[in-house]
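Chain letters run A, B, ... following the sequence lines, proteins first and then strands; every chain starts at 1.
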Protein chains: 2
Amino acid sequence: MSTSEHGKHTPSVTMRDVAKAAGVSVATVSHVVNDKAGARIGAEARRRVQEAVAALGYRQNALAKTLSQGTSRFIGLVADAIATTPFAGQIIHGAQDEAWKHGYVLLVANTDGNTAVENDAIAMMLEHQVHGILYSTWYHREIVVPEALHQTDAVLVDCFADGSGLRSVVPDEEQGGRTATEELLAAGHRRIAFINTTTPSPAQSGRLAGYRSALTAAGVGFDESLVFPSEPAQEGGYAATSRVLASGATAVFCHNDRVAMGLYDGLREHGRRIPEDIAVMGFDNQDVIAAHLRPPLSTVALPHYELGAAGVRVLLGIEEPPAPSLQLRVACPPIQRESI
Amino acid sequence: MSTSEHGKHTPSVTMRDVAKAAGVSVATVSHVVNDKAGARIGAEARRRVQEAVAALGYRQNALAKTLSQGTSRFIGLVADAIATTPFAGQIIHGAQDEAWKHGYVLLVANTDGNTAVENDAIAMMLEHQVHGILYSTWYHREIVVPEALHQTDAVLVDCFADGSGLRSVVPDEEQGGRTATEELLAAGHRRIAFINTTTPSPAQSGRLAGYRSALTAAGVGFDESLVFPSEPAQEGGYAATSRVLASGATAVFCHNDRVAMGLYDGLREHGRRIPEDIAVMGFDNQDVIAAHLRPPLSTVALPHYELGAAGVRVLLGIEEPPAPSLQLRVACPPIQRESI
DNA sequence: CTGAAAGCGCTAACAG
DNA sequence: CTGTTAGCGCTTTCAG
């Protein structure tokens, strides 16, 4: 260790240093390090520059570059809850991968849903000259757009705000509900119960609509008495067990994996085997749960990674949500395991 | 909508614009917007500047500022898996909150454990003049440090590399194991089984050491035959059930919550009630699982949020890991629920 | 083919 | 108290 403390702090080799070492001008260096198209640089000069770069360990200063070009390579991601759920992480992951792919870098901020923090976060991103902002929530819902968001290009991820004029990317709840139901139908079930959440949300109405449409399309018909309300957690699924059993259903589509997990418990207590006696379908594909229940739970995945990735694509103008909703709906694919 | 497309793209009001509008120089503007200590600015001038700022909607350009000051406000976080687990998100969250608190901004990158990506990520961060880098893994382990990391200030989070000279922040596995065991001891148990993982890791040895020391300290003594090997997932806990039962233990400390979840299943099949017939203690406090098992699982929490936060504190020199290990161990607190 | 020079938006002495 | 003036590291015409 030559330096004191831990700081290997930037001896900062600049372009000028490289230029001097290579015996050329900074303009030339700039051209070779950026592989400028229109710039015809002599083989000899180019070689000398490259050698100098290697020798000195030169690295561009992305900030200076941004300043001089006037265009930044940052994309901001403000989330209401990075951590409350395993899901949020996937959104970050998808956004980061996609941003990276296009040469952008992600600036993240967590706000815990606090409006003041939210505004600060957005302000900070604006000061950093972000190209745009991804505003995401950890579960699909309608939001009221923070005022500050309008000062830049923004796209909503896993949330939406009708009439705001903002583009958004959300999971296709209806298609998801339909898919889940179709899986059960395909296994031969005709009497399919649906334990739905009592919380009003796009998930509640969308999944129900999907369930209904799949049933109808299969000529089975929708039976109101087969849908059971429940809080969207283990406790709710457990509590719904006897009613579901009493309905004579041979399969049950649960609003989410946690409900399914509770139902598993209830079913077991009633001595029912899954899937022999009754099939169970979840929703969300919450890994820690779904993949490890016994039997592993068949479910439908919430495409969080894709939401994040699609968010940056929309922001960069690579993809365009259809008018008039300006919502890009991304599919929720079925995950087959052993509960059907 | 006045502008075409979605771009409210930076009309960019600069300091010069403000200066002109306020009839002062840019230096004056700089002083008032930064509330410079030593700068005595007349009340009148200050007011005019503030008005101009408000009127024009001026916002600092953080990048230009950085460039001129030579010191950036970025902290990089490179993670091997942002999303694979609910945990990683908490590290980001903690790091982000703490960084923010000190006026820093988090730049995140996910590498999926891919070395090439890792180096690119680090290079990118260096180009952005980060103040330093937090290198984190999603489970506590020893790593080999990417070469590039040595080119800046770095601290390891949830991992370590003895002899690398790098400071790290890790969970205190031993204290965690001790705490878990003590909870069981406090409930009056004397014959306490331990289902440990078969995977060598700081968690494996640390939790065992803690279990052992708690037992010894309580005068109960360590009994090798009470520790059962298991893969660290539901399946392992389930499989260990009969052996555990045969041992006559009245309580069992599981290597993690997932193992506990599997054990719950096994115990139920054997007709044992928790905690009446046998007490169960987990580890990790994996929310989706622990809080919603029936009965809710008592466990010990892995302090991911704190790891992230402490990581930035160490990076900023606010906290200093003790030599010679250079490891800052953060406590794993017990979470009491109803399985004991 | 290559170099000089003018900025990008802001800060920091240093003069007045 | 406030304005001038150099840069920070890089890009980008525009000459040569």
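- The shortest side-chain heavy-atom distance between B:Leu149 and B:Leu156 falls under the 4.5 Å cut-off.
- Going from atom NZ of A:Lys20 over to atom P of D:dG9 covers 12 Å, rounded to whole Å.
- The phosphate of C:dC1 (OP1 or OP2) has no side-chain N or O of A:Arg46 nearer than 4.0 angstrom.
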Identify each donor-acceptor pair in which a side-chain atom of residues 306-313 of chain A lies under 3.5 Å from a protein atom, sequence neighbours left out, and give them as a table.
unit_1	atom_1	unit_2	atom_2	d
A:Glu306	OE1	A:Arg313	NH2	3.3
A:Arg313	NE	A:Glu98	OE2	3.3
A:Arg313	NH1	A:Glu319	OE1	2.7

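- Between B:Val105 and A:His128 there is a side-chain heavy-atom pair separated by less than 4.5 Å.
- Taking the six-membered ring for Trp, A:Tyr104 and A:His131 have ring centres closer than 6.0 Å.
- Nucleic acid contact for B:Val24: sugar-phosphate only, since backbone atoms but no base atoms lie under 4.0 Å from a heavy atom of the residue.
- As a whole-Å value, the separation of A:Asp35 CG from D:dT11 C1' is 15 Å.
- Using a 4.0 Å heavy-atom cutoff across all strands shown, B:Gly42 reaches sugar-phosphate atoms only and no base atom.
- A salt bridge is absent between B:Arg48 and B:Glu51: the closest approach of a Lys/Arg side-chain nitrogen to an acidic carboxylate oxygen does not fall below 4.0 angstrom.
- Between A:Phe74 and B:Phe74, the ring center distance clears the sub-6.0 Å criterion.
- Between B:Thr14 and C:dG9 there is no side-chain polar atom (N or O) within less than 4.0 angstrom of OP1 or OP2.
- Near DNA chain D, meaning a heavy atom under 4.0 Å from it, residues 47-64 of chain A has A:Tyr58, A:Arg59, A:Gln60, A:Asn61, A:Ala64 in order of number.
- For A:Ser25, no side-chain nitrogen or oxygen approaches OP1 or OP2 of C:dA4 to under 4.0 Å.
- One interatomic measurement links the two molecules: CD of A:Glu44 to P of C:dT2, which rounds to 9 Å at whole-angstrom precision.
- Looking at the side chain of A:Lys65, the nearest of the listed nucleotides D:dC10, D:dC8, C:dT2 is D:dC10.
- Across the protein-nucleic acid pair, A:Arg16 atom CZ and C:dA4 atom P stand 12 Å apart, rounded to whole Å.
- Put simply, CD on B:Gln129 is 16 Å from C1' on C:dC10, counting in whole angstrom units.
- Under the 4.5 Å side-chain criterion, counting only non-hydrogen atoms from C-beta, B:Leu315 is in contact with B:Leu134.
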Contact list (N/O, under 3.5 angstrom) for nucleotides 12-16 of chain C vs protein:
unit_1	atom_1	unit_2	atom_2	d
C:dA12	OP2	B:Lys36	NZ	3.3

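- Computed from coordinates, the A:His128 NE2 to C:dC10 C1' distance equals 14 Å when rounded to whole Å.
- Distance, A:Glu127 CD to C:dC8 C1': 17 Å, rounded to whole Å.
- Using modelled atom types, no side-chain atom of A:Ser168 and backbone atom of A:Val157 make a donor-acceptor pair closer than 3.5 Å.
- In terms of position along DNA chain D, the nucleotide closest to B:Thr28 lies nearer the 5' end than the nucleotide closest to the other residue of the pair B:Thr28 and B:Leu67.
- Per the geometry, CG belonging to A:Asn34 stands 14 Å off P belonging to D:dT13, to the nearest Å.
- The distance from atom CD of A:Gln129 to atom CD of B:Gln60, rounded to the nearest 0.5 Å, is 10.5 Å.
- Between the side chains of B:Tyr135 and B:Asp80, no donor-acceptor pair of N or O atoms lies under 3.5 Å.
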